Amino acid sequence: MTTPTIEEYIEAIYIMQSEDSVVISARLAERMAVSAPTMTDTLKRMTKQGYVVVDRRKEINLTEKGKEVAESLVRRHRLSERWLTDVLGLDWSKAHQEACKLEHAISPEVEEKLSKALDNPSTCPHGNPIPGSGKTVPKDSISLNQVSNGNEVTVIRVSQSGEEDPRFLDYLMRGGIVPGAKLKVVEVAPWAGTVTVSSGENSVSIGMQAAAHVWVCVKR
């Protein structure tokens, strides 16, 4: 049986890989805010328990056993976010942190009933697919910092890495940069490190680094 700590590592690897990151020990340690020795010891435990394998390039990959644990965790997390926002009315900027506490406590039975009670949602409030729902990230979606001037886009999701900062989520909500929103990129300014989008008469500027966490589909 996994511990909450090991589960957090497994989930982090899954999220990093889903966002096209190559997972190596140093990057995982940085994400988990732990020292190199702690990371080494934990990685040894995870390998021994059959959750991960490390290849010749030192890249960390989940085994089928590890992937199963990760998908279960992510499913419970995103269902919890839905329940917190849709039923309890919690602000979406706070839902991620609260769901982090709930995901380790929800049993498979409660998970099933929760999904049914929510009418089997396919994404979390931030647009990320719920494992098992059949929903996937559109293959033609790109991050907002890659879009050129003048393009019209539809917001698809905010990456789970982006969800971790409630101030960022609050800023997006106030600016109308939420899943389903239709925006126009009015200025990409590398010299200022910003991209500006508009919705109707309102315009919002966002830093390039932050824009990398907002995924969109460009209107063809």
Side-chain angles (χ1 to χ4, degrees), residues 8 11-36 39 57-60 74 77-78 81 85 90-100 123-129 136-220:
E8 291 288 349
E11 184 178 15
I13 294 168
Y14 180 88
I15 295 301
M16 290 172 73
Q17 290 182 328
S18 71
E19 295 174 358
D20 297 325
S21 293
V22 173
V23 185
I24 58 174
S25 181
R27 290 178 184 170
L28 185 57
E30 181 179 6
R31 183 181 179 91
M32 300 302 294
V34 298
S35 66
M39 184 69 255
R57 293 175 295 184
K58 305 298 182 182
E59 294 179 14
I60 304 168
V74 173
H77 179 99
R78 293 176 180 172
E81 288 182 325
T85 57
L90 188 70
D91 189 285
W92 86 323
S93 66
K94 301 176 182 177
H96 174 77
Q97 293 180 332
E98 291 298 326
C100 285
T123 71
C124 76
H126 312 97
N128 292 299
T136 58
V137 175
K139 292 183 178 180
D140 60 346
S141 63
I142 60 174
S143 55
L144 185 57
N145 63 332
Q146 300 179 65
V147 183
S148 303
N149 282 344
N151 278 300
E152 295 180 0
V153 302
T154 299
V155 179
I156 301 301
R157 67 187 181 99
V158 179
S159 72
Q160 188 152 325
S161 298
E163 289 182 39
E164 294 171 3
D165 189 340
R167 297 168 302 174
F168 176 52
L169 290 177
D170 183 60
Y171 182 78
L172 294 180
M173 175 65 78
R174 287 188 284 110
I177 305 176
V178 297
K182 297 186 183 304
L183 310 170
K184 183 174 182 178
V185 178
V186 295
E187 182 181 54
V188 178
W191 58 90
T194 61
V195 53
T196 301
V197 297
S198 67
S199 177
E201 297 181 355
N202 299 319
S203 64
V204 180
S205 293
I206 181 172
M208 288 289 188
Q209 187 173 355
H213 294 295
V214 179
W215 287 75
V216 302
C217 280
V218 179
K219 183 177 179 180
R220 302 300 180 186

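Because the structure is predicted, anything quoted here is derived from the model rather than measured.
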Student: Decide yes or no on side-chain contact (heavy atoms from CB on, under 4.5 Å) for Arg27 and Ile60, but give the supporting numbers first.
Tutor: CA-CA 10 Å; Arg27 290 178 184 170; Ile60 304 168; over 6 Å; no
Student: How far apart are the closest heavy atoms of Glu8 and Cys100, and which atoms are they?
Tutor: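 Where Glu8 meets Cys100 most closely, the heavy atoms are OE2-O, 4.4 Å.
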Student: What heavy-atom pair brings Gly176 and Leu183 nearest, and what distance separates the two atoms?
Tutor: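 Reported closest heavy-atom pair: O-CD2, 4.3 Å.
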Student: About how many Å separate CG of Asn128 and CD of Gln160, when rounded to the nearest 0.5 Å?
Tutor: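 Here the interatomic distance stands at 6.5 Å.
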Student: How would you list, by chain and number, every residue that makes a side-chain hydrogen bond (donor to acceptor under 3.5 Å, both in side chains) with Glu11, sequence neighbours excluded?
Tutor: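 Glu11 satisfies side-chain hydrogen bond (donor to acceptor under 3.5 Å, both in side chains) with no residue once adjacent residues are dropped.
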Student: What are the two closest non-hydrogen atoms of Ala99 and Glu81, and how far apart are they?
Tutor: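 Taking every non-hydrogen atom into account, CB-CG, 3.6 Å.
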Student: On a heavy-atom basis, which atom in Phe168 and which in Val214 lie closest, and how many Å separate them?
Tutor: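 For Phe168 and Val214, the tightest heavy-atom pair comes out as CZ-CG2, 4.1 Å.
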Student: For a 4.5 angstrom cut-off between non-hydrogen side-chain atoms, does Cys124 reach His77?
Tutor: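 Of all side-chain heavy-atom pairs linking His77 with Cys124, none is under 4.5 Å.
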Student: Could you state the interatomic distance from CE (Met39) to CD1 (Ile24), rounded to the nearest 0.5 Å?
Tutor: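 Going from CE on Met39 over to CD1 on Ile24, the span is 11.0 Å.
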Student: Which heavy atom in Glu98 sits nearest to a heavy atom in Leu90, and how many Å separate them?
Tutor: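 Residues Glu98 and Leu90, closest heavy atoms: CG-CD2, 3.9 Å.
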Student: Scan for salt bridge (Lys or Arg N to Asp or Glu O under 4.0 Å) pairs involving residues 165-181, sequence neighbours excluded, and state none if there are none.
Tutor: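 Applying salt bridge (Lys or Arg N to Asp or Glu O under 4.0 Å) to every pair that reaches into residues 165-181, excluding sequence neighbours, yields Asp165-Arg167, Asp170-Arg174.
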Student: Please identify each residue that fulfils side chain to side chain contact (heavy atoms under 4.5 Å, CB included) with Ala189, with sequence neighbours left out.
Tutor: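 So Ala189 forms a side chain to side chain contact (heavy atoms under 4.5 Å, CB included) with Glu187, Trp191, Ala192, Thr194.
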Student: Return the minimal non-hydrogen interatomic distance between Thr136 and Pro129, and the atom names on each side.
Tutor: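 Closest approach of Thr136 to Pro129: C-CG, 3.9 Å.
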Student: Is there a donor-acceptor pair under 3.5 Å between the side chain of Ser199 and the backbone N or O of Asn202?
Tutor: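 Not confirmed, Ser199 side chain does not pair with Asn202 backbone.
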Student: Show every salt bridge (Lys or Arg N to Asp or Glu O under 4.0 Å) that has at least one partner inside residues 138-149, sequence neighbours left out.
Tutor: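 Applying salt bridge (Lys or Arg N to Asp or Glu O under 4.0 Å) to every pair that reaches into residues 138-149, excluding sequence neighbours, yields nothing.
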Student: In sequence, state the C-alpha distance, the side-chain angles, and the governing distance for Arg157 and Val137, and then conclude on side-chain contact (heavy atoms from CB on, under 4.5 Å).
Tutor: CA-CA 9 Å; Arg157 67 187 181 99; Val137 175; 3.7 Å; yes
Student: Among all residues two or more places apart in sequence or in another chain, which pass the side chain to side chain contact (heavy atoms under 4.5 Å, CB included) test with Pro166?
Tutor: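 Scan of Pro166 (side chain to side chain contact (heavy atoms under 4.5 Å, CB included), adjacent residues dropped) gives Ser93, Gln97.
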Student: If a pair satisfies salt bridge (Lys or Arg N to Asp or Glu O under 4.0 Å) and one of its residues is in residues 196-213, list it, with sequence neighbours excluded.
Tutor: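 The answer is none; no pair qualifies.
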Student: Can you list everything that forms a ring pair (Phe, Tyr, Trp, His ring centres under 6.0 Å) with His213? Sequence neighbours excluded, please.
Tutor: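 For His213, no residue satisfies ring pair (Phe, Tyr, Trp, His ring centres under 6.0 Å) once neighbours in sequence are set aside.
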Student: Mind listing the side-chain donor-acceptor pairs of residues 143-154 below 3.5 Å, one per line with the distance, residues two or more places apart or on another chain?
Tutor:
unit_1, atom_1, unit_2, atom_2, d
Ser143, OG, Asn145, OD1, 2.5
Ser143, OG, Gln146, NE2, 2.7
Asn149, OD1, Val188, N, 2.6
Asn151, ND2, Ser148, O, 3.2
Glu152, OE1, Lys219, NZ, 3.4
Thr154, OG1, Lys182, NZ, 3.4

Student: Got Leu172 and Ile206 here, is their nearest side-chain heavy-atom distance under 4.5 Å?
Tutor: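 Of all side-chain heavy-atom pairs linking Ile206 with Leu172, at least one is under 4.5 Å.
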Student: Using the test side chain to side chain contact (heavy atoms under 4.5 Å, CB included), find all partners of Pro179 that sit at least two apart in sequence or belong to another chain.
Tutor: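 With sequence neighbours excluded, Pro179 shows a side chain to side chain contact (heavy atoms under 4.5 Å, CB included) to Trp92, given in chain and number order.
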Student: Can you list the residues that meet the side chain to side chain contact (heavy atoms under 4.5 Å, CB included) rule with Val186, with sequence neighbours excluded?
Tutor: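 For Val186 the side chain to side chain contact (heavy atoms under 4.5 Å, CB included) partners, ignoring immediate neighbours, are Lys184, Thr196, Ser198.
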Student: By side-chain hydrogen bond (donor to acceptor under 3.5 Å, both in side chains), which residues pair with His126, not counting sequence neighbours?
Tutor: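 If we apply the side-chain hydrogen bond (donor to acceptor under 3.5 Å, both in side chains) test to His126, skipping adjacent residues, the hits are Glu163.
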